[in-house]
**Q** 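Before we start, here is the structure in question, set down as structure tokens.
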Amino acid sequence: MSEQTTEKILEIDNLTVSFDGFKALNDLNFSMNVGELRVVIGPNGAGKTTFLDVITGKVKPTEGKVYFQGQNLRPYNEHQIARMGIGRKFQTPRVYLNLTVRENLDLASNRQKGVFRTLLGKPTKSDRRTVNGLLETIGLTAKAELQAALLSHGEKQRLEIGMLVAQSPDLLLVDEPVAGLTDEETENVGNLLLALAQSHSIVVIEHDMEFVRQIARTVSVLHQGSLLCEGNMDEVQNDPRVIEVYLGEQEEEAA
Amino acid sequence: MNAEVGNFAKRQQQKKQQIIELAIAIGLALVFAIVMPALLSAFRLKLLGRFVALSIVALGLDLIWGYTGLLSLGHGIFFALGGYALAMHLKLQLPEGQIPEFFTLYGVTELPWFWTPFYSFPLTIVAIFVIPAIVAGLLGYLVFRNRIKGVYFSILTQAALLVFFNFFNGQQKLINGTNGLKTDTETIFGVLVGSEGAQLAFYEISLLGLLLVYFLCRWLTTGRFGRLLVAIRDDETRVRFTGYDPTGYKVLVFAISGAIAGVAGALYTVQTGIITPSAMEVAFSIEMVIWVAVGGRATLIGAIIGTLLVRLGQTFLSEQFPEVWLFFQGALFLLVVTVLPNGIFGWARDWGIPKLRSLLGLQEQLITYPALEQDPEIQQEREELER
Ligand SMILES: Nc1ncnc2c1ncn2[C@@H]1O[C@H](COP(=O)(O)OP(=O)(O)O)[C@@H](O)[C@H]1O
Ligand SMILES: [Mg+2]
């Protein structure tokens, strides 16, 4: 039991990513236990999306290492990392608009992702059961046969989260899942993530403080590509450095 | 549970539709196979046979462009390779020890080594689709592995087309250069290729080929594989992050598309009587794109309709007013791109048929606001209430 809880799902050592000399991530250290739900916050341009880009293989580290379940991810590209068990939701919902909701989930849940297996294989009964279960979970059963293009913004967000889960990953990376959602949809997504957190490790990147309060256990604050501080919501909110760089800026934005 | 029931009903319905489609397609092909030869003069029938061959290459192009989103401007390469393969076999129908006549013009006395496999008919049939498939697969692998797509892919395919065109044009001593290979005066199974009987046979074979290629494409584009192609077209990055490697899929589809073009090229060549490097002119490969665009991308049927319509239009217009055809073709393309972005078939499917149905009273009459009558969530609630 104690072994299980102290096992690290994600460990990042001295990670630097520079774009033409500009350090989007700067000597970042980060670690996370199996089963944890972690919220990462930080002002615009702090490097949050880049952080996910490095973990998922879209961007390679300039320096430093990323370990997933103890394995260095550097030699692998995006689809290999996805197969190892990391699912990613993008900042803007990215689903296949010309396919139905069910077809979107089916493509993600396919266990055999090689060319010929996909060509010759047929969805099995258990595949279909998985998809039906997911439709329930994300609350889109009634719209299963509808083209994804016809979904509302919030429904697309939920569908994309459903597609992640369909991959049955160990680690979910979710980039700003409630940006642009109504209050009701925000709560739906929050509950969905909390439900998923019972069986997955999840990193949520978020801007919306109300939402962070709804779901957060541990919060990491990113600023100018480095980790500024870490702790529970109250600790983070009362940290003077955070107030200075993040909450202060939000007030500026609001003003 | 509800979802499973709905899904099951949908799959049953799909199966039924597939059978109907199969019946219609075979029925149509039979009509063309039996009625047209009785109706048309030998000259017209040969023309129709050529159009049928061209609509096969359009299907291949629709596969790679319409479904997978990769616009190839170099399909002339694969088309010509298929045509040359068959023409070389026909050129070799000679008494022992002789080589095709044109070689003597250039002082060549020994058959170039790569001609020898084409003595064999079975090897030739295989070469007609395997050689274009290999060339397309190799080209595709180099391009897709480096994640080249969009306009760059189109430009590269066109550059490859120019390379092949110039190569074939310049090689008199290997394949008769600009003059190409004439097939009309050769024999196949002892019958003159240009004879009426052989031409009728080629027409029927072209129809059969179209039918088979159509169902191959239908098979590829339905099911998970087909949906993955659409997914690659619409959001390749998402596909990668879902754990698929798009490279293999794109290489395979490009190779299949090339193979289909090769078959079309071979059938076209024997019904034209000659294959020359002009099959690899830029304009011809672009014309193929126009056929697919006019008929409607990612519809398959549209590719066939587009080819037949454009080519029929060309025949009639250029017989009446030879000067206006090119102008007309350009105008047609512009019109389709701007007014009917989904092509003729796409328009008919999305607009014409629903309109017709409602005019004929086949559409369900809606009493209230359509959003209420057709919203699936409301429908489901209603079903649950009724239970
Ligand atoms: N591919 C890239 N090339 C150059 N600069 C980039 C690239 N991606 C991100 N950046 C820069 O890195 C910084 C961090 O970006 P990002 O990770 O998107 O921030 P966040 O998601 O926290 O708002 C920004 O200043 C952005 O302009
Ligand atoms: Mg971001």
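Reminder, nothing fancy here: chain letters follow the sequence lines and each chain counts from 1. Just so we're clear, the structure is a prediction, and the values are computed from it rather than from any experiment.
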**Q** Measuring heavy-atom distances to chain B, does A:Pro169 have an atom under 4.5 Å in its side chain, in its backbone, in both, or in neither?
**A**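 It is neither, since no heavy atom gets under 4.5 Å.
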
**Q** State whether B:Arg224 and A:Asp127 are salt-bridged, where the test is any N-O pair (Lys NZ or Arg NE/NH1/NH2 against Asp/Glu carboxylate O) under 4.0 Å.
**A**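 Answer for the salt bridge query: yes.
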
**Q** Heavy-atom distance under 4.5 Å to chain B: side chain of A:Met163, backbone, both or neither?
**A**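 Contact with chain B is through the side chain of A:Met163 alone.
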
**Q** Drop me the distance from A:Phe116's CZ to B:Phe225's CZ, to the nearest 0.5 angstrom.
**A**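 The CZ atom of A:Phe116 sits 8.0 Å away from the CZ atom of B:Phe225.
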
**Q** Just how far is it from atom OG1 of B:Thr242 to atom CZ of A:Arg83, taken to the nearest 0.5 Å?
**A**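 Here the rounded value is 11.0 Å.
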
**Q** Please flag which part of A:Ile81 lies under 4.5 Å from any non-hydrogen atom of chain B: side chain, backbone, both or neither.
**A**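 Looking at A:Ile81, nothing touches chain B.
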
**Q** Before accepting this row, confirm whether a basic side-chain N of the pair A:Glu78/B:Arg147 lies closer than 4.0 Å to the acidic partner's carboxylate O.
**A**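 A salt bridge links A:Glu78 with B:Arg147.
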
**Q** If you round to the nearest 0.5 Å, how far is CG of A:Leu119 from CG of B:Leu229?
**A**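 With rounding to 0.5 Å, CG (B:Leu229) is 9.0 Å from CG (A:Leu119).
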
**Q** Side chain, backbone, both or neither: which part of A:Leu99 has a non-hydrogen atom closer than 4.5 Å to chain B?
**A**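 For A:Leu99, the contact with chain B is made by the side chain alone.
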
**Q** Please flag which part of A:Leu164 lies under 4.5 Å from any non-hydrogen atom of chain B: side chain, backbone, both or neither.
**A**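 Looking at A:Leu164, just its side chain touches chain B.
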
**Q** Are B:Arg227 and A:Asp106 ion-paired here, with the side-chain N under 4.0 Å from a carboxylate O?
**A**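 Yes.
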
**Q** Hey, does the side chain of B:Tyr244 reach the backbone of A:Leu107 with a donor-acceptor pair shorter than 3.5 angstrom?
**A**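 Looks like yes, one N/O pair under 3.5 Å.
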
**Q** Test B:Phe241 against every option in A:Lys58, A:His79, A:Lys89 by the side-chain contact (heavy atoms from CB on, under 4.5 Å) rule and name the one that passes.
**A**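 Result: among A:Lys58, A:His79, A:Lys89, A:Lys58 is the only option passing the side-chain contact (heavy atoms from CB on, under 4.5 Å) with B:Phe241.
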
**Q** For a 4.5 angstrom cut-off between non-hydrogen side-chain atoms, does B:Asp235 reach A:Tyr96?
**A**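 Contact flag for B:Asp235/A:Tyr96 side chains = yes.
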
**Q** Heavy-atom distance under 4.5 Å to chain B: side chain of A:Asn104, backbone, both or neither?
**A**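 Nothing of A:Asn104, per the 4.5 Å heavy-atom cut-off to chain B.
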
